[in-house]
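Below is one structure, written out as C-alpha cells; comments come after it.
Atoms within each ligand, like the ligands themselves, are counted from 1 in listed order. All values below come from the heavy atoms of this structure, side chains included, with hydrogens, waters and symmetry mates left out.
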Amino acid sequence: MPSLVSIADCPVETIIERAEHWEKNLQNPDPALKDRTVCLLFYEPSTRTRVAFEHAAHKLKMRPIAIASDSSSIQKGESLKDTILTLCAEGMDLIVLRHYQAGAAAEAAGFSSVPLINAGDGGNEHPTQALLDLMTIRRHKGRIDGLKVAIVGDVRHSRVAKSNFLCLLPRGAHVMACAPESMLPDAVPEGLEITSSLAKALDGADVVMALRIQTERQDREAIDLAEYVQSYQISAQSLAWAKPDAILMHPGPMNRGVELTDEVADGPRSVIVEQVRNGLFIRIAATEYALGRY
Ligand code: NCD
C-alpha cells in the first residue's frame, strides 16, 4: 500500500475527487476501515493538521492513537527508526508523521511495514496541505492552468510552499514566490519566478497565499519584523494590486498583524477558514487512499 511522502507521490486529482465526495457525504460513513488503527506521531506542534487527521479517522470509524513526542519514549532518546518499528509491531495500520527534520518522512517510510502519510517534515514537504490548497483554488477559480499564484513570506523554510510549487507548476500555474532576500530559497524549481517586490508579485494575481515566518527554522540573521510588515504584509492596500476577484489564502497558524492584517484575514476575499474545512475532507480521502480503499 502506498505511502504519501511527497505531493509527487499523490494521485492528486483522484484524492481531490474523493475529498469532494466526502464533502457531500460526511454523514454517511463508509465502514470499510472500521476499527483499523492510525497512529498520529507528532514531533512538532500542530492544531489543524493533527485534528483533521484525528477527525478523519473518527469519520471512517477508525481508531486513532495520538502520540506527542514529549510524552513518549522519544523523550528517552528513542530513534525515529525504533519508534516506527515499535508502532508497526504494536499493530498500527497507518502512521501519520509530523517531524521537525526535512527528509524524516521518507526515512520513516523506509522503516515502516505499514503505509505512512507525511503530515509535514521540516522545511521539506506537506503534501496534504498542497492537496487542500489545490482543492480550494479549483473551487474558486475552476482551473489551475494560467492562474497567477503569488506565494508571499518565508518561502525558504516553508514546506507548504515547496509542496505547492510541486503541485501548481506542473498544472500550468504561473507561480511567483515573493520574500525578502533572506527568505528566498537557494534552490528554485523550474518554472518558479522569484521576486523581492510585493507589488510585482501581487500585480494581477488570481491567488495570494501568505506564509508564516518560520522562526523555529531560521538559519540566517533574524528578520526585522517592522521592516517585514512594512514591505511584505498583505493588507487591504497591497491586496488591491491583485485581481478584484483574487482569493487570499494562508495555511495557518497566522500571525495577525505580521503576515496579514485582521481586515484581510477576515475579509470577503479570505478563504482561510475554507482551507481548514477542506483539510478534513482531504485527510479522510488521503487516509483511505493510503489504506488501499481506491
Ligand atoms: C503549516 C505547517 O505546519 O507546515 N501549518 C499547517 O500545517 N497548516 C504552516 C506553518 O507552520 O507555518
Side-chain angles (χ1 to χ4, degrees), residues 4-7 10 15 19 40-56 66 68-69 96-106 108 116-137 149 151-168 177-180 182-183 185 207-219 222-223 225 228 232-234 247-260 265 270-287:
L4 298 178
V5 170
S6 166
I7 188 74
C10 300
I15 294 180
L40 309 171
L41 178 58
F42 277 60
Y43 287 74
E44 256 191 3
S46 168
T47 303
R48 61 216 89 215
T49 305
R50 202 188 67 88
V51 170
F53 272 111
E54 191 164 343
H55 195 186
S69 55
V96 175
L97 174 70
R98 151 108 15 138
H99 202 280
Y100 50 83
Q101 223 159 46
L116 180 142
I117 299 178
N118 180 4
D121 61 332
N124 183 38
E125 276 217 53
H126 195 351
T128 57
Q129 179 71 41
L131 288 167
L132 73 91
D133 288 340
L134 196 78
M135 179 177 173
T136 309
I137 296 172
V149 181
I151 302 186
V152 181
D154 193 355
V155 179
R156 181 178 179 78
H157 303 101
S158 174
R159 54 194 174 211
V160 174
K162 191 162 170 216
S163 288
N164 264 293
F165 299 153
L166 295 174
C167 190
L168 294 170
C178 175
S182 64
M183 291 185 188
V207 177
V208 177
M209 186 186 293
L211 299 172
R212 184 177 65 86
I213 300 176
Q214 311 270 304
T215 39
E216 71 275 33
R217 281 185 249 287
Q218 301 292 339
D219 51 357
I223 180 97
L225 271 192
Y228 181 88
Y232 295 98
Q233 187 182 65
I234 310 298
I247 55 168
L248 173 64
M249 307 177 78
H250 193 301
M254 287 185 270
N255 291 303
R256 289 169 177 262
V258 180
E259 299 113 29
L260 70 188
S270 171
V271 296
I272 295 167
V273 174
E274 195 182 321
Q275 283 175 273
V276 177
R277 195 172 142 70
N278 288 339
L280 170 64
F281 310 130
I282 287 289
R283 271 70 184 231
I284 300 175
T287 299

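The N/O atoms of Pro253, backbone and side chain alike, include none that comes under 3.5 Å of an N/O atom in ligand 1. Polar contact with ligand 1: present for Pro251 (N/O pair, distance under 3.5 Å).
Every atom of ligand 1 with a heavy atom of His126 under 4.0 Å away is listed here by number and element: 2 (C), 4 (O), 6 (C), 7 (O). Each of the following atoms of ligand 1 lies closer than 4.0 Å to a heavy atom of Gln214: 10 (C), 11 (O), 12 (O). Close approach of ligand 1 to Arg48 is summarised as follows: ligand atoms under 4.0 Å from at least one heavy atom of the residue are 8 (N).
Heavy atoms of Gly252 come nearer than 4.0 angstrom to ligand 1 in at least one pair. The closest approach between a heavy atom of Arg98 and any atom of ligand 1 is below 4.0 Å.
No side-chain donor-acceptor contact under 3.5 Å links Gln275 and Thr136. Using a 3.5 Å distance cut-off with no hydrogens or angles, the side chains of Glu259 and His250 do pair a donor with an acceptor. Counted by atom type alone, Ser182 and Arg156 present zero donor-acceptor pairs between their side chains at under 3.5 Å.
In terms of heavy atoms, Ala286 sits closest to Ile117 at O-CD1, 3.7 Å.
The protein heavy atom nearest to atom 11 (O) of ligand 1 is Arg212 NH2, 3.0 Å. Atom 4 (O) of ligand 1 has Arg159 NE, 2.6 Å as its closest protein atom, hydrogens excluded (heavy atom only).
Ring planes of Tyr43 and His99: tilted class, angle from 30 to 60°.
Side-chain contact check for Val208 versus Ile234: some heavy-atom pair is nearer than 4.5 Å.
Using a cut-off of 4.0 Å between Lys/Arg side-chain N and Asp/Glu carboxylate O, Arg98 and Glu125 are scored as not salt-bridged.
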